[in-house]
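Quick notes on the structure that follows.
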Amino acid sequence: MLKKKILLGVTGSIAAYKTADLIRQLRQNDYFVQVIMTKSAKEFITPLTLQALSGNPVLENMWDPSEGNGMAHINLSRNTDLILIAPSSANFIAKLANGNADDLLSNLCLARKCPLLVAPAMNVEMYDNQATQRNINIIKKDGVLISGPESGEHACGDHGMGRFINFETLILDVEKSMVKNLFKGKNILISSGATFEKIDEARVITNLSSGLMGLNLAKAAYKFGAEVTVIKGKSNYNFPSCIKTIEADNHSQMQKIVNTKIVMSDIYISAAAISDYKPKPVYGKIKKKSKITIDLLKTEDILGTIGLKNKKTFLVGFAAESEDLEKNAKKKLVEKRLDMIVGNLIKESMGKTSSKVAIIDKSGEIKLQVGTKTNLSLMILEHIFKIYSKEKENELIN
Ligand SMILES: Cc1cc2nc3c(=O)[nH]c(=O)nc-3n(C[C@H](O)[C@H](O)[C@H](O)COP(=O)(O)O)c2cc1C
């Protein structure tokens with residue numbers, strides 16, 4: 001497959017030194033990176049460093065006669081998938097807001113035919129300044145996409161908004177800028193990871209869910225333009241800052257938070273491995289004996305209970321099965337009154353980075369897919385969009 005091409009504009013922000021690492025990460029994510037620097041950017045990091053890391057000579061000069069038709073300011077943006085300005089100075093945002101074109105980078109932005117993503121990075125006062133805020137609003141209205149900034153400590157010692165966005169979020173925003181905004185304005189709630197149920201003061205019952213599927217579903221939903229909230233059980237993974245997370249360690253916390261959050265959600269994907277049983281509460285720590293008996297109480301099926309009452313939220317379940325994947329998953333879809341279910345075989349999925357899934361919807365259509373959890377999550381979200389849009393269309397007709 002042809003690599004996606006990014007024109008990476010680097011401007012005169014102190015955060016420009018971080019672009020060296022950004023280029024490395026973009027290339028690891030299989031992007032072709034062509035760097036263009038402003039004159040000020042070269043005061044912060046050398047073109048040679050960025051050339052070495054991107055594998056391409058860095059461009060700056062609009063008057064470079066080596067371009068065949070002498071039109072570097074237009075040619076470069078023609079066969080590119082995205083222009084990314086990272087970091088973007090306040091000055092460069094002001095130029096974009098006014099349509100100024102006095103160097104190669106600002107000319108390329110004005111002459112572009114592709115999306116433009118801007119990652120502001122500046123001191124908190126510069127960022128809060130009315131002029132900067134006004135300029136950011138203007139470029140947003142003009143269709144420019146913005147990534148960050150975030151809050152934290154600045155190079156000058158100040159604290160507040162204006163820090164260059166973390167690269168995990170920035171790279172998600174890069175991917176988002178190149179795919180369809182399927183879930184624009186939609187709230188997607190995802191539960192993810194495992195739960196702990198206390199046996200006594202020190203011991204717990206848990207399961208082997210790693211939370212990786214939930215993480216990838218959340219990233220895929222974010223990429224497709226949704227507002228994503230994750231109710232996060234025990235997981236080995238951290239979520240990027242662009243995804244809201246609420247911690248829930250056990251069944252009863254999960255249930256409480258799901259029931260509160262589902263009211264505001266258009267779609268709920270229940271991907272957490274929530275304990276079906278919990279031990280009877282015991283005071284203190286059980287003393288060591290040759291044998292102990294733990295009484296387990298059945299917990300309420302959170303998704304099943306919601307399915308019986310819910311009419312508004314599109315419900316997607318996950319079914320972890322040891323055998324008869326399609327048959328068992330289909331049974332759960334019907335019993336819990338879900339809109340869709342994703343069945344997976346435990347030994348091929350739990351704690352692994354890839355999986356084999358059966359995506360089943362109410363019409364009975366079954367899609368069998370094998371792949372990494374990253375790719376499967378994208379496919380699952382695309383299928384959710386297909387079925388969800390159909391249901392909404394039918395609601396309008398009826
Ligand atoms: C040490 C130093 C650090 C600077 N850091 C920033 C910054 O983080 N963000 C910003 O918007 N401007 C910063 N500036 C100011 C810009 O470099 C200045 O506005 C410049 O004209 C921007 O040029 P450009 O937009 O063409 O790259 C800094 C200036 C200096 C001297």
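For ligands, and for the atoms within them, numbers begin at 1 and follow the listed sequence. Side chains included, hydrogens not; waters and symmetry mates left out as well; all remaining heavy atoms used.
Contact atoms of ligand 1 toward Ala90: 10 (C), 11 (O) (distance under 4.0 Å to a heavy atom of the residue). Each of the following atoms of ligand 1 lies closer than 4.0 Å to a heavy atom of Ile14: 5 (N), 6 (C), 7 (C), 8 (O). Listed by number with element, the atoms of ligand 1 under 4.0 angstrom from any heavy atom of Thr11 are 27 (O).
At a 3.5 angstrom cut-off on N or O pairs, Ser13 counts as close to ligand 1. Some N or O of Ser89 is nearer than 3.5 Å to an N or O of ligand 1, by distance alone.
For atom 19 (O) of ligand 1, the nearest protein heavy atom (residue, atom name, distance) is Asn91 CB, 3.8 Å. Scanning the protein heavy atoms around atom 1 (C) of ligand 1, the nearest turns out to be Phe44 CE2, 4.0 Å. Counting protein heavy atoms only, atom 20 (C) of ligand 1 is closest to Ser40 OG, 3.6 Å.
There is no protein heavy atom less than 4.0 angstrom from atom 31 (C) of ligand 1.
Using a 4.0 Å cut-off between heavy atoms, Lys39 makes no contact with ligand 1 at all. Here Thr38 has side-chain heavy atoms under 4.0 Å from ligand 1, and that is the only part of it that gets that close.
For the residue pair Asp103 / Ser106, a side-chain donor-acceptor distance below 3.5 Å is found, with atom types taken as modelled. Residues Asn56 and Ser54 have side chains that never bring a donor and an acceptor to within less than 3.5 angstrom of each other. Between the side chains of Glu348 and Asn344, not a single donor N or O lies within less than 3.5 Å of an accepting N or O.
The only option from Asp102, Thr11, Asn100 that meets the side chain to side chain donor-acceptor pair (under 3.5 Å) definition with Lys95 turns out to be Asp102. With Leu26 as reference, Leu22 is the one residue of Ile23, Asn29, Leu22 to meet the side chain to side chain contact (heavy atoms under 4.5 Å, CB included) rule.
Inter-residue side-chain proximity for Tyr277 and Ile205 is flagged as unmet; no heavy-atom pair is nearer than 4.5 Å. In this structure the side chain of Phe44 never reaches within 4.5 angstrom of the side chain of Thr19, judged on heavy atoms.
Distances from atom 12 (N) of ligand 1 to the heavy atoms of Gly9, Ala121, Gly12 put Gly12 nearest.
Proximity of a side-chain donor or acceptor of Ser275 to a complementary backbone N or O of His251 within less than 3.5 Å is not detected.
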